[in-house]
Structures are given as C-alpha cells and as structure tokens.
Amino acid sequence: MSKALIFLGAPGSGKGTQAKLLQEKFDFIQISTGDLLRKEVSMGTSLGLKIKSVINSGKLVNNNLVEELLKVNVNEKQNYIFDGFPRSLEQAMFLENFLLSKNIKLLKVFYFEIDINYVIKRILDRKICAICKKEFNITLHKIKNDICPNCNKPSLLVRGDDNEFTIRNRIQVYLEETFPILDFYKKKNKDILIRINAMDAIDVVFQNISTNLSVILNEDKY
Ligand code: AMP
C-alpha cells in the first residue's frame, strides 16, 4: 500500500525545501501544488495567465483546477509528500476521499511551526534559479550578483509572488483558510500530527523530520 505525508505550514516555513531533501533520502516524492501551478504558468497558455494573476495576488487558485492537477500527477504506485495541499478544509476533505480511492495511506501530518513575523524576511530573501530550479536564501548562502551556487551563472530570480504585498495576502489566506485544517486532523486522530520547529536551521529540521519518519516507517511495517 502506498503512503502519504502532508506538510502543513505557513508560506516560507520551509516545507518545499524539506520535501525536496527528503525525497533524496526516502522513497517518497514531493507533490507541490505550487510547483505544478507554476509549471502551467510557464507554458504561457491562457489558463497559465489566469493562474499567474491569482498566484501574484496571493489568493488560492480554484479548487477544481488544483484537484485536477493532483488527479493527473498522483498514482497508487508511489509514496508522496503533499507540500502545499491541502490548503483549505474543502481540499482536506477532497484529499481524504482521493487517498481512499487510490488506496494510499496517510501516515502523518507534519506541521511546520514558525513565527509569522519571521516568514516575511525569509521569503523576501528567497531566490530561485531559472536553470536548476533550486531555491536559495541570499543571506544564508551569501549570494552575490544573482549567481546560482549550483549552476555558477547569474540565473537567480525572485518569484512573482515573493513581494511584501503578496506575502501579506498569502499569510492572511494561510491564517484564515489553511490553519484551521490543523484542528480537522487533530479531531480525526490525535496521533496523526507531528509538530516541527521550522525556525531551526535547514539541516536541523531535516534531521528532526528524518528521525521521526524513520520511526514512523518502522512502526508502519507491523
Ligand atoms: P506555494 O508554492 O506552495 O507557496 O504556492 C504558491 C501559490 O500557488 C499560492 O499562494 C496559491 O496561489 C497557489 N497554490 C498552491 N497550492 C495551492 C492549493 N493547494 N490550492 C490553491 N492554490 C494553491
């Protein structure tokens, strides 16, 4: 039976960074609805243009569309880390039925706890390489002249929605629509939630999740 994890947390809490690292160590692949939507935008279709304007406003893209992306990209043969989905109670309920229909077992929900004031600086420091698509924190990685440490070219860009105005909207949407999902999962099963201190350094968070995940996978065998 395939397995799933959900990464829940504010924008900039490091869910994507950790999901990308974990898929190199564990037999899980990252499903980032944000990445899937940005891929659609990059194709320049009329749908992509509409998605772009919603993303840049900081609001949530239409449920049907995001759910359709999941249907196309998730199958019963892989284990998944859901990064950025669900983002509302409606999506959480959709995911319940969807996982059931695919015979995928939800193992845990990792909640990335972070001080909201801290995420604004973190997101404003974020740049993404147009070539390798890796993310870097310009302060942490001491980036100069937008040179990507991985590609060694001046290929680092700012995401269209990583500006202060949009970030504040994204945080508001998170607090109003996404944060209540925590209660939904707590009420369903009090053991499903694992709190992670997302203020820690990347390697510390990675170690923390890895240790938890190894235990969870071991317990799941029996
Ligand atoms: P992210 O890359 O997860 O920060 O997502 C960037 C943007 O994509 C969000 O601010 C939303 O506009 C959109 N988005 C990502 N995931 C979802 C989702 N599950 N439901 C609706 N919109 C989403």
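Both ligands and their constituent atoms are indexed starting at 1 by order of listing. No hydrogens, no waters, no symmetry mates; every other heavy atom, side chains included, goes into these values.
The atoms of ligand 1 that sit less than 4.0 Å from any heavy atom of Q91 are 18 (C), 19 (N), 20 (N), 21 (C). Here is the list of ligand 1 atoms found below 4.0 Å of a heavy atom in T33: 15 (C), 16 (N), 17 (C), 18 (C), 19 (N). Near R159, meaning under 4.0 Å from one of its heavy atoms, ligand 1 places the atoms 1 (P), 2 (O), 4 (O), 6 (C). If you number the atoms of ligand 1 from 1 as listed, the ones under 4.0 Å from a heavy atom of V66 come out as 18 (C), 19 (N), 20 (N), 21 (C). Heavy-atom proximity to G34, at under 4.0 Å, picks out these atoms of ligand 1: 2 (O), 5 (O), 15 (C), 16 (N). In the vicinity of G84, heavy-atom distances shorter than 4.0 Å reach the ligand 1 atoms 16 (N), 17 (C), 18 (C), 19 (N). In the vicinity of R38, heavy-atom distances shorter than 4.0 Å reach the ligand 1 atoms 2 (O), 6 (C).
Residue contacts with ligand 1: G58 is placed with no nitrogen or oxygen under 3.5 Å of a nitrogen or oxygen of the ligand (distance criterion only). Checking only distances, D35 never comes within under 3.5 Å of ligand 1, N or O to N or O. For ligand 1, the polar-atom distance check finds no N/O of F85 at less than 3.5 Å from any of the ligand's N/O atoms. The shortest N or O to N or O distance between S32 and ligand 1 is not below 3.5 Å.
Annotation: the span from D220 atom CG to I216 atom CD1 amounts to 9.5 Å, rounded to 0.5 Å. One distance of note links CG of L69 with CD of E40; it measures 6.5 Å at 0.5 Å rounding. Here N103 contributes atom CG and M1 contributes atom CE; the two are 4.0 Å apart, rounded to the nearest 0.5 Å.
Among protein heavy atoms, atom 5 (O) of ligand 1 sits closest to R87 NH2, 3.4 Å. Protein heavy atom in closest approach to atom 14 (N) of ligand 1: L37 CD1, 3.4 Å. Counting protein heavy atoms only, atom 10 (O) of ligand 1 is closest to R170 CG, 3.9 Å.
Salt bridge D35/K20: present, at least one basic N to carboxylate O contact under 4.0 Å. With salt bridges taken as basic N to acidic carboxylate O contacts below 4.0 Å, none links E67 and K71.
Side-chain atoms of S88 never come within 3.5 Å of backbone atoms of E177 as a donor-acceptor pair (strictly under, hydrogens ignored). For N169 (side chain) and S57 (main-chain N/O), a donor-acceptor pair under 3.5 Å exists by modelled atom type.
The aromatic ring centres of F7 and F112 sit less than 6.0 Å apart.
No part of K15 comes within 4.0 Å of ligand 1, judged by heavy-atom distances. Contacts between E177 and ligand 1 below 4.0 angstrom, taking non-hydrogen atoms only, are absent altogether. Both the backbone and the side chain of I55 come within 4.0 Å of ligand 1, counting heavy atoms alone. Of the heavy atoms in V61, both backbone and side-chain atoms come closer than 4.0 Å to ligand 1. Residue contacts with ligand 1, taken as heavy atom pairs separated by less than 4.0 Å, involve D161 solely via side-chain atoms from C-beta onward.
Applying the side chain to side chain contact (heavy atoms under 4.5 Å, CB included) test to S214 and every residue at least two apart in sequence or in another chain returns F26.
For the residue pair D83 and Q30, a side-chain donor N or O sits within less than 3.5 Å of a side-chain acceptor on the partner.
Residue pairs meeting the ring pair (Phe, Tyr, Trp, His ring centres under 6.0 Å) criterion with at least one member in residues 122-181, sequence neighbours excluded, are F136-H141.
Within the set K52, E90, K59, the minimum heavy-atom distance to atom 11 (C) of ligand 1 is found for K59.
With a 4.5 Å cut-off on side-chain heavy atoms, I81 and I31 do not count as touching.
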